[in-house]
Amino acid sequence: MQWTEPDFLLFASDAELLALWGGAAVFVALVALVMERRRARIVRIDRIGWMPWTGIFLTFAVLGASLLAVAVPAMLRG
């Protein structure tokens, strides 16, 4: 069975691919933000995990915003 790439990815420009990656990074940042807020509401301090949600949020938010900042003007120009 051969896997084929979907047409919307096969014929996408570089700006569209950057925008897709930027959107995925922003989505991961939002998930990390929700998980950090969830961790902050835990009553028992010994039940807090070790995952650095704030660092993950900041990393992916900056990465996603950077990719979108580069991709959107190029997409608007056509």
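The two residues Ala19 and Leu68 come nearest to each other via the heavy atoms O-CD2, 3.7 Å. Between Ala32 and Ile56, the closest heavy-atom pair is CB-CG2, 3.8 Å. When all heavy atoms are compared, the tightest approach of Val26 to Ala65 is CG2-N, 4.3 Å. The two residues Ala74 and Ala15 have their closest heavy-atom pair at CB-CB, 3.7 Å.
Atoms CE and CG, on Met35 and Leu33 in that order, are 11.5 Å from each other to the nearest 0.5 Å.
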- Message: Apply side-chain contact (heavy atoms from CB on, under 4.5 Å) to residues Leu63 and Leu67 and explain how you reach the verdict.
- Response: CA-CA 6 Å; Leu63 178 68; Leu67 289 174; 4.3 Å; yes
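Note: the hydrophobic cluster containing Met51 also contains Phe60 (ILVMFWY, side chain heavy atoms under 4.5 Å, direct or indirect links). Val31 is not connected to Val34 by any chain of hydrophobic side-chain contacts under 4.5 Å among Ile, Leu, Val, Met, Phe, Trp and Tyr, and they are in different clusters.
Not one N or O on the side chain of Arg39 forms a donor-acceptor pair closer than 3.5 Å with the backbone of Trp53.
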